[in-house]
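Here's the structure, in structure tokens; my notes come after.
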2 protein chains.
Amino acid sequence: MDAKQAVSPWKDTKDREHDRREKREAVLRVAAQAFCENGVRTTSLDEIAERLNVTKPTLYHYFRSKDEILAECVRIGLELIDKAIADATGDGRTARDRLEAALHRYAEIMTMDFGMCITRIGEAELPPQSRKAFRAHKRKIDERIRSLIEEGVADGSISARDVRLTAFTVSGALNWIARWYDPDGPLKPHEIARSCVDILFEGLAPRVSKKPAECTRT
Amino acid sequence: MDAKQAVSPWKDTKDREHDRREKREAVLRVAAQAFCENGVRTTSLDEIAERLNVTKPTLYHYFRSKDEILAECVRIGLELIDKAIADATGDGRTARDRLEAALHRYAEIMTMDFGMCITRIGEAELPPQSRKAFRAHKRKIDERIRSLIEEGVADGSISARDVRLTAFTVSGALNWIARWYDPDGPLKPHEIARSCVDILFEGLAPRVSKKPAECTRT
DNA sequence: TCACCATATTACTCGCCGGTAACTAGCGCG
DNA sequence: CGCGCTAGTTACCGGCGAGTAATATGGTGA
């Protein structure tokens, strides 16, 4: 019972800050969930603290204010997406492949705690200062997506009349996943991602033929 | 100058309640705007009252509580969309035509005060009771869209593997308009609607040919 | 052993905001 | 006229929740 104690009496000091980081993130994760479930302003710090089995002042050891917690939640979410898209722009033969990979990851992240925050916490909830940062971050992501679309238009692997609007439409469809995704539902995140991206690429209008070879002659 | 006074000294009593309705709606419209701009919980009734050049207790002549105002805002928005889709299901030859018309109206409504509320006010902000109503109303709308898609699949004018997911994706893309639309921007609501619906129908993948007649033979 | 720092607690302050009470100004009506 | 109704007002209450002492605990390092 106490054997494991003997195994790791963690003598050192360097993992203290590791501990601290872990706890900090635990606070953020729980906060993110609470914010998504019940809204930002209806979620009190007492409530968050309670979920963590601590009391409110403890939170102030890790954060300066509620707004800081809030801002961190969305920042992490945006960071995840930003990184994911940046990574995806590496591999893939055509721009379409790269965009598809990027959107797939994007969609998956929208089913995760911090990803959900981006959609469910409106920028209206943010204090003016972090609102600016939020917008800037979003714009950066948007520009990445636009670039991919533009490349796709250039190499012929994507068709888009208005790049800006296309980016908005696509992001919107994926952002919205955060609003209806149910972890207990039948579909796994990667399945949802797969299907949504497919729908966006294929469109609702029937295609005459999947492969040009099958094209019926008139 | 006072001539018009003589013309209409509105003797009657029936437009008292007309006045009342108008004021009631003015409150709702201003509230909707404020909620969208600054979030629900950060918008005080004093603030709403101030925008209307009245004081807070006046609002209680028209509504029982802040939550009632809130619930009304989203209800009106949902009602607009519901009606719009119901209307659109009348005309149109193919199901695709009907769906296209419905989505076009849907998109336009998302640029309007009450339409914006649906997206920008998360259901997390709503009290449990109106949350149920909200969900029920949304489900109804969703079912209308699904029906249209199903009809389209049946008559061959629409292609969709997973109807439920397709409906979510499409709604998401359109709902998101409420988050980025800027009344001072270059694009008019109907132009945005046109483009977004187009993107959703055409998809990002290039089509081999627009019209079957132009299909190149392999 | 003692001083120190991090962590967490209990017990508070204080301002904001939803909601109410009580009063006033105009207006139609018998 | 004076009754009563509607639409407003000013002045207030009460509670919730963010943020702050002041304090206890316990491991670390000299």
Side-chain angles (χ1 to χ4, degrees), chain A residues 5-6 8-28 30-31 34-35 38-73 124-130, chain B residues 5 8-28 30-31 34-35 38-73 121 124-130:
Chain A
Q5 277 286 6
S8 64
W10 285 340
K11 65 175 113 181
D12 51 277
T13 135
K14 218 47 190 175
D15 54 5
R16 294 305 282 272
E17 65 188 48
H18 172 75
D19 263 26
R20 191 180 171 82
R21 279 187 180 282
E22 255 190 353
K23 288 185 183 170
R24 207 184 121 98
E25 194 180 315
V27 173
L28 289 174
V30 164
F35 289 155
N38 304 323
V40 176
R41 304 294 152 183
T42 52
T43 301
S44 68
L45 290 184
D46 284 310
E47 205 178 314
I48 294 173
E50 198 184 357
R51 293 203 198 193
L52 290 157
N53 300 316
V54 293
T55 55
K56 180 172 54 173
T58 300
L59 303 182
Y60 284 88
H61 280 278
Y62 301 93
F63 302 94
R64 265 190 287 277
S65 68
K66 185 180 183 180
D67 280 338
E68 188 182 326
I69 296 178
L70 184 56
E72 269 297 277
C73 285
E125 302 289 346
L126 300 169
Q129 191 188 357
S130 27
Chain B
Q5 275 288 3
S8 64
W10 285 340
K11 64 174 103 178
D12 51 277
T13 136
K14 219 47 191 172
D15 54 5
R16 294 304 284 269
E17 64 187 49
H18 172 74
D19 263 25
R20 192 180 169 82
R21 279 187 180 282
E22 255 189 353
K23 288 186 182 172
R24 207 184 121 98
E25 193 179 318
V27 173
L28 290 175
V30 164
F35 290 155
N38 302 323
V40 176
R41 303 294 152 182
T42 52
T43 300
S44 67
L45 290 183
D46 284 309
E47 205 178 313
I48 294 173
E50 198 184 357
R51 292 202 196 194
L52 290 157
N53 300 315
V54 293
T55 56
K56 180 172 55 172
T58 300
L59 304 181
Y60 284 87
H61 279 280
Y62 301 93
F63 302 94
R64 265 191 288 277
S65 67
K66 185 180 183 181
D67 280 338
E68 186 181 328
I69 296 179
L70 183 55
E72 268 297 278
C73 286
I121 297 174
E125 304 287 345
L126 300 169
Q129 192 188 356
S130 25

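In what follows, chains are A, B, ... by sequence order, proteins preceding strands, each numbered from 1. The basis for the numbers below is simple: all heavy atoms, side chains too, and nothing from hydrogens, waters or symmetry mates.
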Tell me the interatomic distance from [X], atom [atom1], to [N], atom [atom2], rounded to whole angstroms.
| X | N | atom1 | atom2 | value |
| --- | --- | --- | --- | --- |
| Ile48(A) | dA18(D) | CD1 | P | 8 Å |
| Leu59(B) | dT10(D) | CG | P | 14 Å |
| Glu47(A) | dG17(D) | CD | P | 8 Å |
| Arg21(A) | dA6(C) | CZ | C1' | 16 Å |
| Arg24(A) | dT7(C) | CZ | P | 12 Å |
| Asp19(A) | dG27(D) | CG | C1' | 13 Å |

Query raised in the report: Step by step, would you call Arg41(B) with Thr42(A) a side chain to side chain contact (heavy atoms under 4.5 Å, CB included)?
Result: CA-CA 8 Å; Arg41(B) 303 294 152 182; Thr42(A) 52; 3.7 Å; yes
Query - Phosphate contact (dT9(C) OP1 or OP2) by Thr55(A) side-chain N/O below 4.0 Å - result: yes
Requested in this report: Only counting residues at least two apart or in another chain, list the ones meeting salt bridge (Lys or Arg N to Asp or Glu O under 4.0 Å) with Arg21(B).
Outcome: none
Heteroatom pairs (N/O) under 3.5 angstrom, protein to nucleotides 5-7 of chain D:
{"residue": "dA7(D)", "atom": "OP1", "partner": "Arg20(B)", "partner atom": "NH1", "Å": "3.4"}
{"residue": "dA7(D)", "atom": "OP2", "partner": "Arg20(B)", "partner atom": "NH1", "Å": "2.5"}

Report task. Nearest 0.5 Å please: distance from the CD atom of Glu72(B) over to the CZ atom of Arg24(B). Result -> 4.5 Å
Report task. Calculate, to the nearest 0.5 Å, the distance between atoms CG and SG belonging to Leu28(A) and Cys73(A) respectively. Result -> 5.0 Å
Requested in this report: Step through the shown structure and confirm whether more than 12 heavy atoms of other residues, nucleotides or ligands are within 6.0 Å of CD on Glu68(B).
Outcome: yes
Query raised in the report: Has Glu25(A) got more than 12 heavy atoms of other residues, nucleotides or ligands less than 6.0 Å from its CD?
Result: no
Report summary line: What one should report as the nearest heavy-atom pair of Leu52(A) and Ala26(A) is CD2-O, 4.0 Å
**Report entry** Closest non-hydrogen atom pair, Leu70(B) against Glu125(B)
**Finding:** CD2-O, 4.0 Å
Under-3.5 Å N/O pairs linking protein and nucleotides 18-22 of chain C:
{"residue": "dG18(C)", "atom": "OP1", "partner": "Lys66(B)", "partner atom": "NZ", "Å": "2.8"}
{"residue": "dG18(C)", "atom": "OP2", "partner": "Leu45(B)", "partner atom": "N", "Å": "2.9"}
{"residue": "dG18(C)", "atom": "N7", "partner": "Lys56(B)", "partner atom": "NZ", "Å": "2.8"}
{"residue": "dG19(C)", "atom": "OP2", "partner": "Tyr60(B)", "partner atom": "OH", "Å": "3.0"}
{"residue": "dG19(C)", "atom": "OP2", "partner": "Lys66(B)", "partner atom": "N", "Å": "2.9"}
{"residue": "dG19(C)", "atom": "O5'", "partner": "Tyr60(B)", "partner atom": "OH", "Å": "3.4"}
{"residue": "dG19(C)", "atom": "N7", "partner": "Lys56(B)", "partner atom": "NZ", "Å": "3.1"}
{"residue": "dG19(C)", "atom": "O6", "partner": "Lys56(B)", "partner atom": "NZ", "Å": "2.9"}

